[in-house]
Amino acid sequence: MPVPLFDTVSPVAPLRPQLDAAIARVLDGGAFVLGPEVEAFEREYAAYLGVRHVVSVANGTDAITIALQALGVGPGDEVVVPAFTFYASAEAIPPTGAAPVFCDVDPDTMCATAATVRAALTPRTRAVVAVDLFGNPAAIDEIRALGVPVVEDAAQAAGARLGPPEAEGDPAAANGPLRAAGALGDVATFSFFPSKNLGCFGDGGALATDDDAIAEAARVLRFHGSRDKVSYERIGWNSRLDELQAAILRVLLPALDGWADGRRAAARHYADTGLGELVTLPVATPGAVPAWHLFVVRSGRAAELEAALSAAGIGARGYYRTPLHCQAALAPWVPAGLALPVTDELARTHLAIPMSPVLDRAAAGEVVAAVRAALA
Ligand SMILES: Cc1ncc(COP(=O)(O)O)c(C=O)c1O
């Protein structure tokens with residue numbers, strides 16, 4: 001039985017009548033960009049995350065650029081970003097005029113930590129982009145304690161949660177108050193690209209923050225640097241969410257927690273069917289309740305496994321085989337001799353295998369059997 005890498009159809013199928021009604025409502029209303037659906041979605045997502053403000057934009061890449069600019073990042077500044085993440089986490093930095101500075105990640109959680117960020121700090125560091133990679137929240141509290149503003153890149157982590165810092169190493173404390181991924185940084189960013197945990201039917205993104213000034217700056221920046229479409233106070237962007245996507249996201253948002261439960265259940269199916277005996281399983285950040293966007297295992301034979309699984313009809317993909325400090329476009333910001341050994345090792349050994357809110361025990365068993373056969 002083939003098992004796809006992800007499934008963007010089955011989870012939303014039961015919501016079809018509500019989606020049809022939401023789309024019809026927008027068509028009947030005649031407002032298509034930054035209208036009542038966008039305002040309502042921003043309110044509803046802010047309530048879900050437990051933050052004061054959500055500012056929607058056109059995609060998750062713009063969200064990072066705008067978040068950095070709203071924090072005051074500009075020419076001459078440095079922004080620390082992990083080298084093991086999607087390209088956009090770093091690509092979003094140069095449009096602010098600042099320079100990306102690459103840091104390493106933790107081998108188990110695959111996220112940047114306070115220690116890996118600290119190693120990249122200089123007097124010019126003005127912000128950190130900390131990525132909740134693969135749906136696993138980074139240790140944002142410890143990174144914020146370094147004293148530099150943090151943009152939490154939560155593009156992959158909608159539906160994930162993180163316990164209090166003191167939960168580290170103490171499972172009982174991890175049962176304390178949980179904060180949403182997206183409520184952890186000075187400002188957080190989301191992508192609503194269709195394959196994301198909360199994905200619309202096109203491009204979309206958002207910033208989330210408790211800070212009134214950051215939210216206000218982001219609202220100005222997303223609309224050409226203007227508050228009133230009459231006077232233009234800075235060079236901004238044309239980066240807006242449209243009404244159709246907002247109306248769709250309003251239908252999908254109430255399903256997000258159930259989908260995140262489904263992703264965690266899929267991870268349990270993998271563990272229960274013996275995957276951990278064959279490859280190294282992803283490790284949650286202490287105190288975290290991840291919403292596995294991708295299920296990324298590690299193996300010294302990752303390339304071979306990727307080919308064998310693909311041949312067997314099982315979705316498998318190495319997402320970041322060429323890490324960011326080795327990408328041609330980012331070479332101007334890579335100092336000679338930069339050593340990021342954990343990133344290099346993960347780039348070689350990571351492999352995403354099927355993950356979705358509806359991946360059941362039988363499908364997990366198929367995947368594990370195929371992995372076993374490939375590595376025999
Ligand atoms: C970690 C991370 N950051 C940023 C982005 C950019 O989001 P978008 O594709 O909506 O611009 C993505 C999306 O793939 C991502 O995975």
Side-chain angles (χ1 to χ4, degrees), residues 5-6 8 41 45 54-69 79-96 100 102-103 105-106 109-112 127-138 140 143 150-160 181-182 184-185 187-208 218 221-222 237-242 245-246 248-249 252 263 282 285 290-296 317-324 327 329-330 343 346-347 350 352 355:
L5 192 55
F6 51 82
T8 51
F41 171 67
Y45 200 37
V54 162
V55 180
S56 59
V57 293
N59 56 67
T61 311
D62 287 0
I64 299 170
T65 304
I66 290 172
L68 289 169
Q69 289 186 317
V79 177
V80 176
V81 61
F84 191 69
T85 174
F86 180 55
Y87 178 66
S89 304
E91 180 195 26
I93 297 168
T96 68
F102 297 100
C103 73
V105 295
D106 177 78
T109 66
M110 299 184 255
C111 294
V128 177
V129 174
V131 184
D132 297 334
L133 199 69
F134 305 139
N136 179 30
I140 304 283
I143 297 172
V150 172
V151 175
E152 177 191 4
D153 179 354
Q156 301 184 358
L184 306 172
V187 51
T189 59
F190 286 95
S191 165
F192 303 126
F193 185 76
S195 61
K196 294 291 192 277
N197 292 359
L198 178 63
C200 59
F201 298 165
D203 275 310
L207 296 81
L221 282 162
R222 79 171 167 182
W237 308 91
N238 174 6
S239 186
R240 307 174 296 215
L241 189 68
D242 67 67
Q245 302 308 337
I248 287 162
L249 287 164
L252 303 184
R263 292 175 181 279
T285 295
W292 301 113
H293 168 57
L294 297 170
F295 198 72
V296 177
R317 186 170 150 197
Y319 270 78
Y320 312 134
R321 284 275 177 263
T322 305
L324 299 191
Q327 293 288 352
L330 298 171
T343 293
L346 289 175
H350 81 287
M355 170 52 70

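Here the structure is a predicted model, which means the values were calculated and not measured. For this chain, numbers begin at 1 and follow the sequence in order. Numbering of ligands and ligand atoms starts at 1, following listing order.
Taking the six-membered ring wherever Trp is involved, the centroid distance between the rings of F193 and F86 does not fall below 6.0 Å. Close placement of the Y45 and F190 rings is indicated, their centers lying within 6.0 Å of each other.
Note that OH of Y319 and CG of L294 are 4.5 Å apart. Values are rounded to the nearest 0.5 Å. Separation of atoms OG1 (T65) and CG (L207) is listed at 10.0 Å; rounding is to 0.5 Å. Distance OG1/T109 to CG/L133: 8.5 Å, rounded to 0.5 Å. Of the inter-residue distances, the one linking T322 atom OG1 with Q327 atom CD reads 5.0 Å to the nearest 0.5 angstrom.
Below 4.0 Å from some heavy atom of A88 lie the following atoms of ligand 1, by number and element: 4 (C), 5 (C), 6 (C). Every atom of ligand 1 with a heavy atom of A155 under 4.0 Å away is listed here by number and element: 2 (C), 3 (N), 4 (C), 5 (C), 12 (C), 15 (C). Close contacts of ligand 1 with N59, meaning ligand atoms under 4.0 Å from a residue heavy atom, involve 10 (O), 11 (O). In summary, the atoms of ligand 1 found under 4.0 Å from a heavy atom of V131, numbered by their order in the structure, are 1 (C).
Between G60 and ligand 1, an N or O atom pair is found at a separation short of 3.5 Å. Considering backbone and side-chain N/O of S191, one or more are found under 3.5 Å from N/O of ligand 1. Annotation: T61 places an N or O atom under 3.5 Å from an N or O atom of ligand 1; distance criterion only. The shortest N or O to N or O distance between K196 and ligand 1 is under 3.5 Å.
Counting heavy atoms under 4.0 Å from ligand 1, residue D153 touches it through the side chain alone. Only the side chain of T85 comes within 4.0 Å of ligand 1, counting heavy atoms alone; its backbone N, CA, C and O stay farther away. Of all the heavy atoms of D62, none lies under 4.0 Å from any atom of ligand 1, so neither backbone nor side chain is involved.
Shortest non-hydrogen contact noted between G199 and L252 is O-CD1, 3.1 Å.
Contact between G205 and ligand 1 is absent, with no heavy atom of the residue lying under 4.0 Å from the ligand.
A donor-acceptor pair is defined here as one N or O able to donate and one able to accept, closer than 3.5 Å; no such pair exists between the side chain of S56 and the backbone of A206. Judged purely by atom type and a 3.5 angstrom limit, D132 has no side-chain atom pairing as donor or acceptor with the backbone of A181.
Closest to atom 5 (C) of ligand 1 by heavy atom, among F86, F190, F192, is F86.
In terms of protein heavy-atom proximity, atom 16 (O) of ligand 1 is closest to Q156 NE2, 2.9 Å.
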